[in-house]
Structure formats: C-alpha cells, structure tokens
**Student:** 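Got a structure for you, written out below as structure tokens; questions coming shortly.
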Amino acid sequence: MDRRIIKSKLALKQALQKLIQVDEFRHLTIEEICQEAGCARSTFYSHFESKEELLVEIIDEQMAKIERLIARRFDNQLDFYQYLEGFVTEIVEPDRPFFQSLLAINLGSDGFRARLDQAFQELFMKHLGHLKSSHILSQYFSAMALKTTDLMVAESIAGQDMKVYAKLAQAMCKAVIETSKNFGN
C-alpha cells in the first residue's frame with residue numbers, strides 16, 4: 001500500500017481516537033476529524049464513506065489486539081483472572097480514556113461493546129462447549145466479563161481490588177461449571 005495512504009488513514013484514525021475522548025461521537029463531524037488530522041475532506045472520503053466506517057476500522061484493530069491476547073493467554077484452561085489482568089495491563093491501561101469512549105459509543109453489532117461481548121462468548125464457548133448448557137453459560141460469563149471490563153475501564157476497581165474481583169469472578173465461573181457437570185448438563 002502507498003505510504004501516503006497509510007499515513008493519511010493513520011492520521012484520520014488518530015484524530016478520531018483523540019476527538020471521541022473529548023466529545024460524543026454522534027456530535028463529531030467529518031470536518032472536525034479532517035481538521036484534527038490535518039487533511040482535506042476529499043482525503044477522508046477517498047478512504048472512508050462515513051465516520052462510522054472509520055470507527056469500525058479502529059474497532060477492528062482493537063479487536064485484533066484482543067484476539068491475539070486471547071490466543072496468547074489461553075491454552076486448554078480458562079483462567080479468568082489471567083485474561084483480565086492481560087486485558088487491562090496490555091490493552092486498556094495504555095489508553096484508558098480511549099476505551100471509556102469506545103465502550104460508550106453504540107454502533108449496534110459493529111460497536112466495540114457488541115464485538116467484545118462476542119469475543120468473550122466465543123472464548124467461553126471454547127472452554128464450555130462440552131456442557132449441555134454451554135450457550136447460556138457463555139452468555140452469563142460474557143456479561144460478567146463485560147461488567148468487569150466496565151468497572152476496570154471506569155477505574156472503579158484497580159490494582160489489588162481488580163485482582164480480588166477477577167479471582168472472585170474466576171471462582172464463580174468454576175463453581176457454575178462444576179455445578180453444571182454435577183447436574184449432567
């Protein structure tokens with residue numbers, strides 16, 4: 001790909017990432033994004049059809065990072081704490097305000113929250129697929145993981161508190177899984 005294209009797309013992404021931290025996404029204009037990026041509207045439209053398409057590309061990149069983390073951190077066992085710790089330290093902490101903004105924007109099934117929920121459900125299904133009620137359990141654990149993420153991103157829990165919360169969530173996961181096994185589900 002041409003270096004100018006790479007440079008202009010990067011500038012637009014960085015501009016949007018900066019702007020969503022100070023203003024609501026729905027209020028941002030393409031003109032504001034272009035001004036922040038230092039490029040013309042024609043440059044924007046040569047790469048993206050809308051600000052939503054630009055945001056989806058940013059979300060795609062973040063989800064790719066998260067999927068690499070999941071692949072790296074999990075082998076055959078589900079370690080909720082290990083995942084959350086890696087998620088926070090490697091992905092969220094370096095840019096907490098950006099993640100707060102991403103979680104607040106509603107783009108439906110293309111949005112960050114929906115995509116994160118889907119990634120969590122797939123992760124849990126991988127580890128719970130052998131159980132009869134695995135679909136329901138994966139939705140339950142995904143909801144718990146999303147709430148934990150919300151709390152961590154909002155800085156409601158951090159440091160030692162995050163460890164305690166994540167270990168509690170992991171213990172709950174194990175207890176529910178064991179109970180499901182005992183009931184033959």
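Nothing here was measured: the structure is a model prediction, and the numbers come from that model.
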**Student:** Picking from Ile30, Ile59, Ile33, what satisfies side-chain contact (heavy atoms from CB on, under 4.5 Å) with Leu54?
**Tutor:** Ile33

**Student:** Measure across Ala114 and Gly108 and return the closest heavy-atom pair with its distance rounded to 0.1 Å.
**Tutor:** CB-O, 3.3 Å

**Student:** Tell me, do Leu116 and Leu102 make a side-chain contact under 4.5 Å, heavy atoms counted?
**Tutor:** no

**Student:** Would you say the side chain of Phe112 lies within less than 4.5 Å of the side chain of Ile66, judging by non-hydrogen atoms?
**Tutor:** yes

**Student:** Find the distance between CD1 (Ile58) and CE (Met63) and round it off to the nearest 0.5 Å.
**Tutor:** 14.5 Å

**Student:** Taking all non-hydrogen atoms of both residues, which atom of Glu49 and which atom of Glu53 are closest, and how far apart?
**Tutor:** N-OE1, 2.9 Å

**Student:** How about Gln121 and Gln118: do any of their side-chain heavy atoms sit closer than 4.5 Å?
**Tutor:** no

**Student:** Would you indicate whether the side-chain heavy atoms of Arg115 and Gln62 approach each other to under 4.5 Å?
**Tutor:** no

**Student:** Is any side-chain heavy atom of Phe48 closer than 4.5 Å to one of Leu16?
**Tutor:** no

**Student:** Which value, rounded to the nearest 0.5 Å, describes the distance between Lys51 atom NZ and Arg26 atom CZ?
**Tutor:** 9.5 Å

**Student:** Can you list the residues that meet the side-chain contact (heavy atoms from CB on, under 4.5 Å) rule with Asp23, with sequence neighbours excluded?
**Tutor:** His27, Leu28

**Student:** What is the distance from atom CD1 of Ile20 to atom CD1 of Ile105, rounded to the nearest 0.5 Å?
**Tutor:** 4.0 Å

**Student:** In a table with atom names and distances, give each donor-acceptor pair under 3.5 Å that connects a side chain of residues 34-47 to protein atoms at least two apart or in another chain.
**Tutor:**
| unit_1 | atom_1 | unit_2 | atom_2 | d |
| --- | --- | --- | --- | --- |
| Glu36 | OE2 | Lys18 | NZ | 3.0 |
| Ser46 | OG | Thr43 | O | 2.7 |
| His47 | NE2 | Ser8 | OG | 2.7 |

**Student:** Distance check, rounded to the nearest 0.5 Å: Leu55 atom CG versus Gln17 atom CD?
**Tutor:** 9.5 Å

**Student:** Would you compute the distance between atom CZ of Arg4 and atom CG of Asp2 and round it to the nearest 0.5 angstrom?
**Tutor:** 4.0 Å

**Student:** Measure the spacing between CG of Leu10 and CD1 of Ile5 and express it to the nearest 0.5 Å.
**Tutor:** 13.5 Å

